[in-house]
Structures are given as C-alpha cells and as structure tokens.
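Remember, predicted model here, so these are calculated numbers, not experimental data.
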Amino acid sequence: MTVNNDLHAVLAQPAGLTDDDVRIIQQDFPALHQEIHGRRLVYLDSGATSQKPRWVLEAEREFYETCNAAVHRGAHELAVRATDAFEDARTTVAAFVRAAPEELVWTANATAGINLIAQALGNASIWAERGRGGQEIRQLALKPGDEIVVTELEHHANLIPWQELAFRTGAVLRFIPVDAAGSLRLEEAERLIGPQTKVVAFAHTSNVLGSVAPVHELVQLARRVGALVVLDACQSAPHMPLGLPSLDVDFAVFSGHKMLGPTGIGVLYGRRGLLDALPPVHTGGSMITTVTMERAEYLAAPQRFEAGTQPVGQAVGLAAAVQYLDGIGMDRIHASVTVLGQRLAEGITAIRGVKLLGPPAGEPRIGLAAFDVEGVHAHDVGQYLDSLGVAVRVGHHCAQPLHRRLGLSASTRASAYLYNTTDDIDEFLAALSGVRPYFGVGK
Amino acid sequence: MTVNNDLHAVLAQPAGLTDDDVRIIQQDFPALHQEIHGRRLVYLDSGATSQKPRWVLEAEREFYETCNAAVHRGAHELAVRATDAFEDARTTVAAFVRAAPEELVWTANATAGINLIAQALGNASIWAERGRGGQEIRQLALKPGDEIVVTELEHHANLIPWQELAFRTGAVLRFIPVDAAGSLRLEEAERLIGPQTKVVAFAHTSNVLGSVAPVHELVQLARRVGALVVLDACQSAPHMPLGLPSLDVDFAVFSGHKMLGPTGIGVLYGRRGLLDALPPVHTGGSMITTVTMERAEYLAAPQRFEAGTQPVGQAVGLAAAVQYLDGIGMDRIHASVTVLGQRLAEGITAIRGVKLLGPPAGEPRIGLAAFDVEGVHAHDVGQYLDSLGVAVRVGHHCAQPLHRRLGLSASTRASAYLYNTTDDIDEFLAALSGVRPYFGVGK
Amino acid sequence: MSLEALYQEIILDHSRARNGSGLPPQDTIDATGESHQLNPVCGDEITVRVTVQSKAVQSLRWQGSGCAISMASASMLHELATTLSARDLQARVDAFRQMLRSRGTTQGDPELLGDAASLEGVSRYPARVKCAMLAWVAAEGALEQITPAMDTGNGAAAPDAGGENEAMTRLIAPTKG
Amino acid sequence: MSLEALYQEIILDHSRARNGSGLPPQDTIDATGESHQLNPVCGDEITVRVTVQSKAVQSLRWQGSGCAISMASASMLHELATTLSARDLQARVDAFRQMLRSRGTTQGDPELLGDAASLEGVSRYPARVKCAMLAWVAAEGALEQITPAMDTGNGAAAPDAGGENEAMTRLIAPTKG
Ligand SMILES: Cc1ncc(COP(=O)(O)O)c(C=O)c1O
Ligand SMILES: Cc1ncc(COP(=O)(O)O)c(C=O)c1O
Ligand code: FES
Ligand code: FES
C-alpha cells in the first residue's frame with residue numbers, strides 16, 4: 001500500500017493539526033487534487049460524504065485481488081482469507097467505538113441501521129401478538145399507546161422509520177421540540193419521556209446545526225423509564241473519539257462513507273445481549289441454523305442480521321478507514337475540526353446578510369456550519385460557490401421539519417474534515433461574501 | 001483504465017470461447033494469478049462469488065478519485081458528476097437485462113431485493129388493513145388464506161422471506177416439490193397454483209442442481225390466476241443473456257458480486273408501474289417529497305426504495321462489470337460456460353463413488369455441478385481439493401430443504417465462469433478422482 | 001462554462017421582478033386550470049393558474065418560491081403565455097423542455113421562447129433543469145385540466161419511454177405516502 | 001502446511017472407527033447428562049451422553065454425523081473420557097479448546113489429550129475448528145447438566161469477554177427463531 005512518508009512527521013506532533021499537517025494529509029486524497037472550473041477544489045461537503053485516502057482504496061483493491069471469496073462458507077484458502085479479512089474488519093471497526101465484535105452488525109448505511117432496529121421492534125410486536133418468541137420478545141414489543149420519542153432536529157433517517165413503526169404498532173410518535181435558535185428544549189424532554197416511552201432516538205450531533213446533543217441527560221431520562229436509546233452517530237463517529245458502551249446507549253448507527261470509507265457500508269451497534277433478543281429483519285442465507293420448507297431457526301447476532309452475501313470489500317475498506325483515522329488520532333481530528341467549525345461560525349457571522357444557524361460562534365459545535373443568505377436561495381448560493389471551486393451542500397439536508405421550525409425551506413452548509421486547512425475556510429468565506437453582491441441583493 | 005489489448009483478438013471471434021481466449025481473459029483477473037499451497041489456483045467457486053477484472057476495480061477507484069460526492073443533492077460539480085455516474089450506471093445495468101432505468105432499484109444484494117419485495121407486500125397488507133393507500137394497495141395486500149408458492153429447490157434467500165411474509169399476513173406458503181432426482185414436478189405446480197395464489201417465486205437456475213426452471217410455463221400458470229411472479233435470477237444473470245421484460249416476470253433480483261461486480265450491490269427489477277404501487281420499505285433521506293414530524297410523502301420508484309446514501313461506488317463498479325460482460329458477449333459466455341458445465345457433469349459421472357446431482361450429463365445445465373462423494377463428507381472433499389489448489393464450495397449451499405429431499409446434508413459444488421478453461425475442469429476432475437482413495441473409502 | 005452563462009443579467013432581473021406572481025382570489029370559470037408542482041430535490045413549490053378563453057390564454061399567474069432560476073423562469077413564462085393560444089403555449093412548453101434536455105446542444109430561440117430563451121445555459125447543469133421546468137410543468141398540468149390533451153397538441157409531448165421528460169414528470173409528481 | 005498435518009493417519013482411522021458411537025436406550029440415572037450441538041456452518045449435529053458416578057466419568061457415548069475431523073474428534077473424546085474424573089474431563093476440554101484456538105502456536109499434549117492431540121493441525125484451519133470442537137462442546141454441556149459448574153472446575157472455562165470461546169458457544173447454540 002502507499003505509504004505517505006511525511007505522515008510520520010505529522011503523527012509525531014502532540015495535538016491538533018496545523019495547516020502544514022493537513023497539507024501532508026491532503027496528499028493521501030486524490031480527489032482533492034482536482035481543479036473545478038479552473039480553480040483549486042475546496043471541498044466543504046464532508047458532512048454529506050467524505051473523500052477517500054489511497055490507503056482505503058488500496059485496501060479494498062488488495063482484498064479483491066488476493067482474498068476475494070464467499071465468507072463463512074467453503075473450505076478453500078481464499079474463503080479462509082476472506083472470512084479472516086471480514087471478521088478482522090469487524091473487530092477493527094468495533095474497537096474504534098470501543099465495542100465488542102459481536103455488538104457490531106454491518107449494514108448498507110446508517111439509514112439501513114435505523115430501519116433495521118425499527119423493523120426488528122415492529123417484528124417483535126407482531127411476534128408477541130402471535131405468541132412467537134419468549135419473554136424478551138414481549139418486552140421489546142410496542143403496543144398502542146406506547147410512545148417513541150425523537151427530536152425536532154432529526155435527519156429524516158432518524159424520523160420516518162419511527163413514524164412508520166408507530167403506524168405499524170399503534171404507538172405514538174412524540175418529539176422534543178427545539179427553540180427558535182434550534183436548541184433542544186430539555187425541559188420538554190423531561191416532560192415527554194415517561195413510563196409510556198419505549199424508545200428514545202436522537203442524533204448525537206446535528207447535521208444542520210452542528211450542535212452536540214446532551215447524550216448523558218437524555219440517556220438518564222430514558223433509563224429512568226426503561227426506554228431503549230437509539231443514537232444516530234452519523235455525524236459524530238467521523239469527528240470525535242466515540243466510546244459507545246460508555247455512552248450507555250442501546251443502539252447506535254453510523255455510515256462508512258462519511259468517515260473515509262467506501263459507500264455501501266454502515267454499522268449498527270447493539271448492546272450485547274439486546275441484539276440476540278431481537279427478531280431478525282432480512283432473512284436468507286448465512287443467518288440460519290436449520291431450515292425446512294415450513295420454518296427457519298436463526299443464528300445469534302451479528303449473523304442473525306446479516307442475510308446474504310455481505311459487503312465484504314466495503315467492510316475491509318471501512319476497517320482501513322478507521323485505521324487511518326486512528327493513525328492520526330481521533331482526538332487530534334476532533335481538535336482540528338472543532339477549530340475549523342469555530343472559524344466557519346465566526347466568519348459566517350461576520351458577513352452582512354448571512355445568518356448562521358445553530359449555536360453562535362464561540363459555543364460548542366462540530367466542524368460544520370449551515371446558514372441562510374438573505375434574499376438568495378440556497379441553491380443559487382451553492383451554484384455561485386461552486387463556480388469558485390468551493391463545494392458545499394444546499395437544501396434541507398434531509399431535515400425538513402427543522403428547517404420549517406427555523407422558518408426556512410433550505411440552507412447552505414459548509415462542513416470540514418481532517419483534510420481541510422484554515423485556508424480552505426477562508427477561501428470559502430471570501431467567496432461567500434461575494435454572493436449577495438453577485439445576485440444584486442442587499443445593496 | 002487498463003486495456004487488455006489481446007482482448008480485441010478474442011472479441012473478433014464469432015462464437016464461444018476457446019481455452020486460448022479464456023487465457024487472455026484471465027489476464028484481466030489478478031486474483032486468478034495466485035498460487036495456493038504452492039499450486040496454481042483453479043477457482044471453481046464462482047457460483048458463490050466471482051473474481052473481478054481490473055476494469056471493474058479501476059472503474060470504482062476512478063469514481064472515488066474524480067467524482068465522489070453525494071448524489072441527487074448539492075449543486076457542486078462533484079455532486080453533478082457523481083449523480084451522472086450513478087444514474088448512468090443504472091441505465092447501463094438496466095439495459096443489460098433489457099429494462100428501463102426506472103425499473104431498476106439498487107439493493108445491497110439479491111437477498112435484500114427479495115426481502116424488499118416480501119416486506120413491501122407485507123406493508124401493503126398492513127396499509128390495506130388500516131385504510132392507508134388506494135386501490136392498488138388493496139390489490140397487493142395478502143390476506144389469511146392467500147397463498148405464496150415457491151419451489152422445493154430454492155436458495156434460503158428465496159424461501160425464508162416468504163415464510164416470514166406468510167407468518168405476518170396469515171397467508172399460506174406452499175411449494176412445488178422436486179422428484180428424487182431434483183426435477184421440478186410441473187404437474188404439481190399446475191395443481192398448486194390457483195385463484196388463492198398471490199405470489200409465485202422461483203429460481204431461474206438452481207444454485208445446486210444447475211437446472212433451468214421452466215420459466216415460461218410457471219409464468220403462464222401464475223398469469224392465469226393473476227399472481228405476481230418473482231424471479232431469483234442470481235445464477236442466471238451472470239451466465240446467460242437475460243431479457244427480463246420478455247420473460248414477463250413482475251420482479252427479479254440478482255447480485256453484483258456473482259457477475260464480476262463488487263460486493264455490496266444488488267439489483268431489484270420491478271415491472272414498470274408495479275414498483276410505484278408498492279409501499280416503501282426502508283425510509284429516510286432521498287426518498288421523500290415532503291416530511292413533517294407527523295408524516296412523510298414518498299417519491300416514485302426507484303427513489304422510493306433507495307433510502308439514504310446509496311452504494312454509488314458499487315453501482316459504478318457493477319456497470320463496469322456488465323460492460324465487460326457485454327464486451328465479450330453474453331451469448332459467447334453462455335456458450336462457453338455451458339460447455340464447461342457439461343464437461344463437469346460428464347467427468348463427475350465417470351468417477352466411481354461420486355454421484356452427480358441434478359440433470360444427468362447431456363441434459364441442459366448451466367456451468368456448475370454439485371455432487372456427493374460416497375463415504376467422504378463434503379467438507380473433507382473441499383479440504384482435499386483445496387490442498388491441490390482447487391477452490392470449490394461445500395455445504396448445503398443455502399438450500400437445506402433440497403439437500404434433505406435428496407437425502408444429503410451437504411454436497412460439493414464446482415462452478416465455472418468465463419475465466420475457466422477446460423484445463424481447469426480437467427484438473428479439478430483429476431483431483432476429485434483422488435478423494436476417495438485418500439480418505440481410504442471404497443477400496 | 002462561466003457562471004454568467006447560467007445567470008444572465010436578464011435572468012437575475014426576472015428573478016427579482018417575479019412578473020405574474022400572486023394569485024388573486026379565484027372566480028370559478030370553467031376555463032381555469034391550476035396545477036401545483038413540487039421539486040422534490042429542494043422542496044420548492046409552485047402553483048400555476050391558467051385561464052383560457054376561446055382557445056387563447058387569457059392569463060397565466062403563479063405563486064411559489066424557489067431559486068433565481070425557477071423564479072425567473074416563472075416570470076418569463078408569464079410574459080410569454082399571455083399572447084398565445086393554448087395549443088401554442090403547449091408547443092412552447094415542448095420547445096422549452098427540449099432546449100433544457102439538450103445538455104447545451106440546442107440554443108434557445110427567442111422567437112419561440114421570449115426571454116426564456118436566455119435559460120439555455122441551464123441545460124448544462126442537470127441538477128438545475130428541474131428548477132427551470134417547474135413552472136412550465138405546472139402550466140402544462142393547468143392546461144390539461146382545461147382542454148383534453150389533443151386540443152393543446154399535447155400529443156407531441158407524450159412521454160417517450162424512459163426519456164427524461166417522463167422521468168421528470170414522475171419525479172415532480174409526488175406520490176401520496 | 002500439508003494436508004497430511006491436518007488429516008494424520010490416526011485421525012482418518014478414528015474417523016472410520018467412530019469409537020463410542022451409538023446411544024443405547026437410556027436408563028434414567030440422575031448422573032447422566034446429554035447435550036446436542038449443531039454446527040451451523042455445515043448443519044452437522046452431534047449428541048453426547050455422559051454418565052458420571054462418584055465424580056468419575058462412567059461412560060461417554062455419542063451419536064451424530066459430520067466430517068472426518070468431527071467424527072475422529074468424537075471418537076478420540078470417547079476414548080479419553082472414560083478414565084477421567086468429571087473435573088478432569090472438563091480440564092481436558094479446556095486444554096483441547098486452547099490448542100485449537102492457538103492458530104498453530106500450541107502443540108497437542110498426548111498425556112493430556114490422548115489421540116486427540118493429533119488434532120493440533122486443525123488449529124491452522126479456522127473454518128474447521130468448530131468441527132473438532134463439536135463433540136467436546138456437547139460433552140461440556142452434558143457435564144453441566146450433571147454437576148454444578150464449580151464441581152467440574154468449569155470456572156476456568158468461563159467465556160472471556162469477546163473471546164473465541166464465547167463466540168463459538170454462541171454460534172453453536174442455535175437460537176429459536
Ligand atoms: C439462487 C440464489 N439465490 C440467491 C442468492 C443470494 O445472493 P446474495 O447472497 O448475493 O444475496 C444466491 C447466492 O448465494 C443464489 O445462488
Ligand atoms: C445525522 C444523520 N443521520 C443519518 C444520515 C444518513 O446517513 P446515510 O445516508 O449514510 O444512511 C446522515 C447523513 O446523511 C446524517 O447526517
Ligand atoms: S432550487 Fe428549488 S426550484 Fe431551484
Ligand atoms: S464439516 Fe460439519 S462438523 Fe465438520
């Protein structure tokens with residue numbers, strides 16, 4: 001595999017990442033060395049998906065060239081290598097979030113992980129109704145009148161599956177509202193989470209506001225009433241050191257493609273024991289013990305949730321990605337990206353007619369910032385920035401209810417990652433200052 | 001991308017593939033140039049998963065290095081490129097099976113495709129029960145007493161999802177039995193498929209027997225009673241020219257990894273109009289129009305079934321794979337693999353104490369053959385062959401009921417693909433002849 | 001391609017002017033059609049109301065919000081429509097669609113499309129084609145409510161299998177969940 | 001590594017001999033435990049019955065089918081068990097497990113494991129470790145039915161978090177669907 005020799009120098013440093021460090025890291029990312037419309041690409045859309053280092057692309061390729069075979073089956077050498085690579089990947093990614101390998105289920109993406117939990121709970125409800133499964137199934141089942149609590153700032157992926165679960169079981173979906181600035185109203189959470197609450201699901205960090213949820217407080221509220229906690233760690237896993245067991249959540253999901261990994265792979269973490277208690281969702285090969293024409297008996301987790309041929313190449317790629325992240329150090333990445341997030345927030349705030357969403361500059365936020373440009377539609381903002389080589393995301397960012405609450409239909413979002421320098425941020429800010437003049441508003 | 005110049009010579013030939021042609025094709029497959037236990041690798045496990053040509057690995061890599069971004073979102077240049085690459089891939093793969101792009105839904109694998117259909121029908125049943133959706137939902141819904149018909153030779157992926165759908169809806173699962181030789185008893189199909197039949201699901205070609213299903217006859221029986229037809233094309237799509245619309249099935253699935261594509265991608269084909277009528281299964285981002293905290297409205301197919309970040313890199317890889325297959329020509333591949341299948345069947349039949357499963361030599365079969373070695377367990381057979389560099393699959397091949405019907409708990413399977421020569425088959429056969437002597441049985 | 005080719009001055013002007021925007025309370029005349037279209041990519045929406053008398057477009061007004069392209073396009077459509085027969089309006093919608101689908105290969109014809117010809121640059125930005133089409137698809141929908149398809153010469157615009165046209169209409173028409 | 005290191009002659013002999021195979025009709029003695037184990041990878045199954053009197057293994061018999069490794073391993077276990085105390089048998093199971101987990105780093109000790117020491121080569125074939133363990137896991141299960149864990153010295157075999165031991169037991173114990 002390609003070794004970026006300069007990276008060793010970066011790793012020798014104690015904390016944070018200087019722009020010089022970042023420029024060395026950038027060498028590993030071929031996609032960043034492109035000209036867009038004749039300008040250097042400034043990629044500030046990592047909140048949507050990250051770019052991939054050579055290390056990851058080569059790990060995947062090497063797998064296909066030397067180990068590719070069906071896993072957990074077959075007695076031949078390639079099958080053994082593939083199985084080892086696949087299960088080693090599970091161990092590596094599990095360790096990245098301080099979990100045990102059996103607590104980690106591969107999914108297609110984070111969305112699939114949340115759907116898996118919601119559908120498994122839906123299945124538990126049907127099983128309980130029809131007398132299938134034991135005591136643990138009846139405990140997991142939702143009944144009419146039970147409640148599922150989410151927040152008003154959720155990504156659609158952590159909202160609609162719960163709407164559908166509520167529809168399916170007769171449970172009621174409730175939500176913790178945000179205030180006009182987008183902050184979670186914790187006092188409402190206390191009111192909402194009660195004995196009837198069976199599930200509390202929320203984003204660790206908001207993909208629009210950049211704010212970090214009060215995980216501890218929400219987990220406490222849920223534990224008090226015995227509700228399951230589902231954490232959407234899509235925007236936190238890539239950016240901060242994450243110990244899922246110590247957060248004491250029951251389930252968590254994240255996506256590989258947002259953390260240097262390939263597309264087509266995500267992770268569902270489930271607290272040990274809990275996964276085994278859930279009914280399966282997808283059924284098929286490699287997740288059964290005994291099958292007759294009439295019925296099937298299912299393996300324990302994680303296999304129970306991994307029907308059919310798994311994304312083996314992608315699992316290997318994601319393991320390489322977390323190795324890369326760990327090599328640099330998640331605390332350094334966190335420190336660096338936090339600095340960039342603050343620079344974004346400050347810079348955006350300073351531009352006339354541009355309104356920052358989420359926590360004001362100086363308050364905790366991850367490395368992203370969404371904003372509204374008065375008088376200019378977000379898609380036009382994005383198009384303008386693109387013409388200067390700056391890639392940002394525009395739209396509702398799969399959070400329509402939050403945008404509606406903020407009185408917007410769309411916003412523009414700049415999101416940074418370990419390969420962004422402060423120069424990138426400054427170039428973006430300079431470009432942003434030009435938007436309103438260009439569209440002739442606010443003169 | 002790497003161009004294999006010699007390939008042009010192969011392509012100039014009229015029909016079939018000679019061993020010399022195949023040796024040229026082999027140059028494109030790095031995994032095949034390995035020594036296993038000091039012997040040349042003879043890979044005869046493509047029925048489980050295929051090896052990948054450089055062309056595919058490079059297409060995927062090129063995507064990540066030059067186009068990677070979130071699709072269907074964002075106004076920036078990379079997002080445009082990624083969206084184009086993603087939708088072009090859909091068009092390419094759809095054309096490969098003579099379908100329209102809107103008829104093609106990306107899935108994680110074939111298993112996920114069958115589960116998607118089964119779960120969507122399960123959702124239709126709940127929707128109908130609760131008065132959600134229109135007339136078309138009520139038509140798709142299954143009620144107690146309705147029947148689902150599969151065959152006794154199905155892969156677990158095309159069996160257990162239907163067992164679970166039956167459980168969920170109160171429908172009854174019935175199956176077309178096979179005779180002691182493994183042939184489908186069509187006269188039973190005629191008896192079984194009646195007005196109460198709502199779904200008929202079967203494998204196009206059996207992954208154990210290598211036999212081809214009487215698609216036309218089964219479709220006729222299903223059409224007569226208005227049942228939906230679901231085709232498991234996992235073992236046919238890689239090996240023969242396939243025109244799904246002309247087969248007149250309603251749904252079909254196949255997996256990318258079995259046809260030179262990467263892991264982590266599969267295809268669900270749905271007849272135009274029908275997909276739009278089905279309720280969604282996975283919910284989340286990119287598959288909605290309007291979302292409030294209370295409810296969501298869903299896009300038309302294919303987006304309706306593609307929640308969250310899609311396997312974009314893998315879709316691009318699969319498109320490259322079908323381009324490679326089309327470049328050689330599916331009819332030539334079919335011709336070549338059929339010859340190898342017959343050679344396997346004949347050679348296996350000629351070895352004392354080894355029993356071929358499925359159609360006898362000389363009768364139609366695809367390029368695979370499973371068999372039982374009297375007195376030696378399949379896993380020992382596989383281990384022995386592996387020591388000679390021959391990779392085969394052992395076990396129940398995710399078809400326990402079929403094995404039980406044949407009086408076996410496991411079998412060994414050799415499966416060929418476009419990169420196998422007749423020499424490969426002969427080496428395998430020579431190795432197979434040594435199995436019983438080695439284990440000291442049948443002296 | 002430069003940003004200026006996308007956002008020509010005339011487009012920015014129209015986007016600010018929003019001619020024909022605002023829907024007065026509706027008289028129930030038979031010959032009025034109204035269609036609401038949603039762009040699912042961005043969530044922007046537009047409602048177009050068309051009144052036809054003696055086969056001539058009496059008025060085309062609209063209400064909605066969206067990006068500069070979509071607002072300018074609606075404004076231009078308003079200006080173009082009011083002088084046309086219903087059949088002609090449908091023909092202009094077809095011509096406009098064809099221009100936008102051309103990926104930069106078809107120039108806009110000001111004779112046919114008026115100011116909307118200046119939106120030709122949009123065809124190079126596939127992600128923005130829906131923006132420009134939004135009002136026009138709504139106008140098409142409104143027309144269909146008034147006269148049977150044949151009357152407006154709609155035959156020419158019939159979705160060709162798998163074409164962008166149909167895909168777009170499908171995408172734009174939300175399906176009730 | 002050569003095939004011969006996996007399938008030593010003594011293993012092939014045992015696999016054909018299947019010593020201790022066959023379960024006679026069962027008398028209901030308190031000190032008899034029986035455990036059924038399924039290898040989910042291949043579907044092979046084995047039932048092991050252990051009878052203990054005065055803390056000594058009276059008999060260990062089995063019934064099942066599987067590959068040469070699993071059959072040989074059961075046959076060897078039968079021969080080994082009959083002379084041992086229940087506590088000793090558990091210790092041998094632990095030693096056997098440790099050898100198989102070692103990925104070729106631990107040699108089999110014939111003093112401790114008898115003929116089963118010859119299965120050391122299996123540890124280099126992770127896919128076959130379950131084959132060799134199958135009868136031994138069943139024996140462990142049977143012992144547990146007879147005596148509380150402490151009596152057999154089972155404490156030492158307690159699954160260490162995330163270890164292969166536990167993973168294997170979990171995999172081998174089917175969960176009712
Ligand atoms: C006939 C058949 N159906 C379904 C499958 C499942 O495919 P996948 O594991 O890729 O989902 C396979 C492959 O294992 C198969 O051979
Ligand atoms: C907070 C949050 N949750 C869920 C998702 C969904 O992730 P994916 O599309 O990878 O399934 C995203 C990313 O889009 C996100 O930012
Ligand atoms: S961005 Fe919504 S219509 Fe243009
Ligand atoms: S293969 Fe089944 S026990 Fe060895």
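Taking a cutoff of 4.0 Å between a charged side-chain nitrogen and a carboxylate oxygen, B/R61 and A/E58 qualify as a salt bridge. A salt bridge is defined here as a Lys NZ or Arg NE, NH1 or NH2 lying under 4.0 Å from an Asp or Glu carboxylate O, and B/K52 with A/E65 fails to meet this definition.
With chain B as the partner, the residue from A/L159, A/T107, A/V390 showing the most heavy-atom pairs under 4.5 Å is A/L159. Heavy-atom pairs under 4.5 Å with chain A were tallied for B/G395, B/A110, B/A307; the largest tally goes to B/A307. Per-residue counts of heavy-atom pairs under 4.5 Å with chain A were compared for B/N68, B/T111, B/L116, B/T66; the largest is that of B/N68. Each of B/H33, B/E129, B/H257 has some count of heavy-atom pairs under 4.5 Å with chain A, and the biggest count is that of B/H257. The greatest number of non-hydrogen atom pairs below 4.5 Å with chain B, out of A/G122, A/A315, A/G264, is found for A/G264. Residue with the most contacts toward chain A among B/L385, B/I288, B/V150: B/I288 (heavy-atom pairs, distance under 4.5 Å). Of the listed residues (B/A108, B/A82, B/A378, B/P262), the greatest number of heavy-atom pairs within a distance under 4.5 Å of chain A belongs to B/P262. Comparing A/N158, A/L173, A/T290 by heavy-atom pairs within less than 4.5 Å of chain B, the highest count is held by A/T290. Per-residue counts of heavy-atom pairs under 4.5 Å with chain A were compared for B/G266, B/P280, B/A31, B/A118; the largest is that of B/A31.
Heavy-atom distances place both the backbone and the side chain of A/E152 under 4.5 Å from chain B. If you measure heavy-atom distances from A/I114 to chain B, you find no contacts under 4.5 Å at all. Residue contact with chain A, scored on non-hydrogen atoms closer than 4.5 Å, is absent for B/V56. Interface remark: A/T151 contributes backbone atoms only to the contact with chain B (heavy atom separation under 4.5 Å). Residue A/Q51 touches chain B through both its backbone and its side chain, counting heavy-atom pairs closer than 4.5 Å. There is no contact between A/S255 and chain B, counting heavy-atom distances below 4.5 Å. Looking at B/I265, neither its backbone nor its side chain comes within 4.5 Å of chain A, counting heavy atoms on both sides. Only the side chain of A/Y43 comes within contact range of chain B, judged by heavy atoms closer than 4.5 Å. For A/L402, no part lies under 4.5 angstrom from a heavy atom of chain B. In this structure, chain A has heavy atoms under 4.5 Å from both the backbone and the side chain of B/A112. Heavy atoms of B/T412 lying under 4.5 Å from chain A are absent altogether. A/S46 does not touch chain B: none of its heavy atoms, backbone or side chain, sits under 4.5 Å away.
Using a 4.5 Å cut-off on side-chain heavy atoms (C-beta onward), A/H76 and B/V394 make no contact. By the 4.5 Å heavy-atom criterion applied to side chains, B/R404 and A/V291 are not counted as neighbours. Side-chain contact between B/L78 and A/Q34 is present, with heavy atoms from C-beta onward closer than 4.5 Å.
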Next item on the list: Go through A/T292 and B/Q400 one step at a time and tell me if the side chain to side chain contact (heavy atoms under 4.5 Å, CB included) criterion holds.
Entry: CA-CA 7 Å; A/T292 62; B/Q400 281 188 5; over 6 Å; no
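Of all non-hydrogen atoms in A/E77 and B/D386, the two that sit nearest each other are N-OD1, 2.8 Å. Taking every heavy atom of both residues into account, A/N109 and B/T309 meet most closely at ND2-O, 2.8 Å. Nearest approach of A/N115 to B/H282, heavy atoms of both residues: OD1-CA, 3.4 Å. When all heavy atoms of B/E294 and A/F175 are compared, the pair lying nearest together is OE2-CE2, 3.9 Å. B/T169 and A/R130 get closest at one heavy-atom pair: N-NH1, 4.4 Å. For the residue pair B/Q119 and A/V281, the shortest heavy atom distance occurs at NE2-O, 3.2 Å.
Residues B/Q314 and A/T263 bring a donor and an acceptor atom of their side chains to less than 3.5 Å of each other.
Note that the CD atom of A/E164 and the CG atom of B/N123 stand 7.0 Å from one another [nearest 0.5 Å].
Under a 3.5 Å cut-off, the side chain of B/E154 and the backbone N or O of A/M293 do not form any donor-acceptor pair. Distance alone, capped at 3.5 Å, places no donor-acceptor pair between the B/R295 side chain and the A/I160 backbone. Side-chain atoms of A/R168 never come within 3.5 Å of backbone atoms of B/I126 as a donor-acceptor pair (strictly under, hydrogens ignored).
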